[in-house]
Amino acid sequence: MGPYELSASGAHGERLDRFLARSLPQYSRSRLQRWIELGAVSWDERVLGRRHRLAGIETLLVEVQPLEADAAFAPEPVEFSLAHDDDAILVIDKHAGLVVHPGAGNWHGTLLNGLLHRFVSQTALPRAGIVHRLDKDTSGLMVVARTEASMAHLADQIASRRMGRRYLALVQGYAADRVEVDEPIGRDPAQRIRMAVVRGHGGRPARTVFRKLAEGRLGARAVSLVECRLHTGRTHQIRVHARHLGAPIVGDVLYGGLADPLAPRQALHAWRLELKHPVSGRTQVWTSTWPNDLSALLASAGIELDDAMHLADRPFHDAGAL
């Protein structure tokens, strides 16, 4: 059932959890509060906390959670690496295979559970401070808020396209030097477990810019190492847009990428994160090197990573890119 879309018209000044309890009386207040903690209540792509005071202009999206979700918001000793840690933000260097947020089939052992175990204060934040996600089998950098003020600040940077997120991907074929994909993404009507370019009803705006860094070959197959710049953050966005170009990511069998014994997963890595610190206001940049589990894949393709990264360090020459 759901999701629900609820207009907050006439609810100016009311606290979110109280508004939901009044609007959805078929669910207990404690269950609705758990949904808020899991980040299942949002407005304009911003996850809201239960103490959020409504302005009366919102149209809230409430994603109904199954009963299993009631026990998902629990601390568990899950390992993850930190690239940065202060009182306002955490920058995670996520390893492949780690699920970011509880969901169907993965209600435990996620990054969220690990955050609650290592940082007890994250319990007070919706989604434990997580403001964006990486797919389970995508590695690399992501930011987590430590306070509600930081969470709002980071969510605004994402919504306004001011947070710089760049990825490296090994794709099939010889890619163009630079190409922009501005195509809406929605649930694939033919295969519901994946997303697709969906024009018309059901598609949400999505924009990705690709630029080629190097070329190589995997046996008889041409491949390219590309850098991807996100302007939006739709589910599986890079994977869907790469497939739309006819250049699926190596190892990404869900989206048409050919399996390779040297590719244990999709060859996609979030290598660079740039944002304005919520407290200091300074622009900060973090980078993460190409992961070890995909190193043999690049070597087999004859691609020298150091040479490619010299190109990646150059300005993106993309209007709106950081």
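Everything numeric here is computed off the predicted structure, so don't read it as measured data. Heavy atoms only: backbone and side chains are in, while hydrogens, waters and symmetry mates are out.
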Can you confirm whether [X] sits close enough to [Y] that some side-chain heavy atom of one is under 4.5 Å from a side-chain heavy atom of the other?
| X | Y | value |
| --- | --- | --- |
| Ile92 | Leu141 | no |
| His52 | Arg15 | no |
| Tyr4 | Glu63 | no |
| Ile89 | Leu275 | yes |
| Val131 | Val144 | no |
| Ser42 | Leu61 | yes |
| Leu60 | Phe19 | yes |
| Asp135 | Arg239 | yes |

#### Entry: Verdict with reasoning, Arg272 to Glu274, per salt bridge (charged side-chain N to carboxylate O under 4.0 Å, His left out)
CA-CA 7 Å; Arg272 189 178 190 274; Glu274 181 173 348; 2.8 Å; yes

### Message
Please evaluate residues Leu273 and Val285 with respect to the criterion side-chain contact (heavy atoms from CB on, under 4.5 Å), reporting the C-alpha separation (whole Å), side-chain torsions for both, the decisive distance (0.1 Å), and the verdict.
### Response
CA-CA 6 Å; Leu273 177 68; Val285 178; over 6 Å; no

Report yes or no: do [X] and [Y] form a side-chain donor-acceptor pair below 3.5 Å?
| X | Y | answer |
| --- | --- | --- |
| Ser9 | Ser7 | no |
| Glu5 | Thr59 | no |
| Arg162 | Ser160 | yes |

Would a distance-only check, ignoring hydrogens and angles, find a side-chain to backbone donor-acceptor pair under 3.5 Å from [X] to [Y]?
| X | Y | value |
| --- | --- | --- |
| Glu76 | Ala74 | no |
| Thr123 | Val120 | yes |
| Gln157 | Leu154 | no |
| Arg161 | His231 | yes |
| Thr110 | Asn106 | no |
| Arg127 | Ile130 | no |
| Asn113 | Gly109 | yes |
| His241 | Glu183 | yes |
| Gln237 | Thr235 | no |
| Arg53 | Gly13 | yes |

Closest approach of [X] and [Y], non-hydrogen atoms and distance?
| X | Y | answer |
| --- | --- | --- |
| Glu215 | Ser224 | CG-OG, 4.2 Å |
| Leu54 | Ala8 | CD1-CB, 4.1 Å |
| Val78 | Gly114 | CB-CA, 3.7 Å |
| Ala145 | Gln122 | O-NE2, 2.9 Å |
| Ile303 | Ala214 | CG2-CB, 3.8 Å |

Check whether more than 12 heavy atoms from other residues, nucleotides or ligands sit under 6.0 Å from atom [atom1] of [X], and answer yes or no.
| X | atom1 | answer |
| --- | --- | --- |
| Lys212 | NZ | yes |
| Glu304 | CD | no |
| Arg22 | CZ | yes |

### Query
For residues 255-269, which residue pairs qualify under side-chain hydrogen bond (donor to acceptor under 3.5 Å, both in side chains), counting only residues two or more places apart or in two chains?
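Found Thr138-Gln266, Ser139-Arg265, Ser139-His269, Arg221-Asp260, His236-Tyr255, Arg265-Asp293, His269-Ser288.
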
Find the distance between [atom1] ([X]) and [atom2] ([Y]) and round it off to the nearest 0.5 Å.
| X | Y | atom1 | atom2 | result |
| --- | --- | --- | --- | --- |
| Leu111 | Met142 | CG | CE | 5.5 Å |
| His277 | Gln284 | NE2 | CD | 5.5 Å |
| Trp290 | Leu298 | CH2 | CG | 5.0 Å |
| Leu262 | Leu294 | CG | CG | 10.0 Å |
| Leu268 | Leu168 | CG | CG | 8.5 Å |
| Ile238 | Cys228 | CD1 | SG | 4.5 Å |

If two hydrophobic side chains count as joined below 4.5 Å and joins carry through other members, does [X] share a cluster with [Y]?
| X | Y | answer |
| --- | --- | --- |
| Val197 | Val171 | no |
| Met195 | Phe210 | no |
| Val99 | Phe80 | no |
| Val226 | Leu245 | yes |
| Leu134 | Val240 | no |

### Task
With salt bridge (charged side-chain N to carboxylate O under 4.0 Å, His left out) as the test, would you mind laying out the steps for Asp86 and Arg146 before giving the verdict?
CA-CA 8 Å; Asp86 65 34; Arg146 299 293 309 275; over 6 Å; no

### Pair Leu82-Asp93, side-chain contact (heavy atoms from CB on, under 4.5 Å): steps then yes or no
CA-CA 6 Å; Leu82 287 173; Asp93 197 348; over 6 Å; no

### Query
Does any pair with a residue in residues 88-147 pass ring-ring contact (aromatic ring centres under 6.0 Å, His included), and if so which ones, sequence neighbours excluded?
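Non-adjacent pairs meeting ring-ring contact (aromatic ring centres under 6.0 Å, His included): zero.
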
### Task
List in chain and number order the residues that pass side chain to side chain contact (heavy atoms under 4.5 Å, CB included) with Pro248, two or more places apart in sequence or in another chain; answer none if no residue qualifies.
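Scan of Pro248 (side chain to side chain contact (heavy atoms under 4.5 Å, CB included), adjacent residues dropped) gives Gln172.
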
### Task
Measure from NZ or CZ of Arg34 to the centre of the six-membered ring of Tyr27, then state whether that distance is under 6.0 Å and the direction lies within 45° of the axis.
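Checked: cation-pi criterion not met.
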
### Task
Carefully, step by step, assess Val143 and Trp286 under the rule side-chain contact (heavy atoms from CB on, under 4.5 Å).
CA-CA 10 Å; Val143 64; Trp286 295 268; over 6 Å; no

### Query
Thr232 and Ile158: side-chain contact (heavy atoms from CB on, under 4.5 Å), yes or no, with the steps?
CA-CA 8 Å; Thr232 50; Ile158 292 172; over 6 Å; no

### Task
Before giving the answer on salt bridge (charged side-chain N to carboxylate O under 4.0 Å, His left out), spell out for Glu148 and Arg51 the whole-Å C-alpha distance, their side-chain angles and the decisive distance to 0.1 Å.
CA-CA 10 Å; Glu148 287 197 25; Arg51 290 189 295 274; 2.8 Å; yes

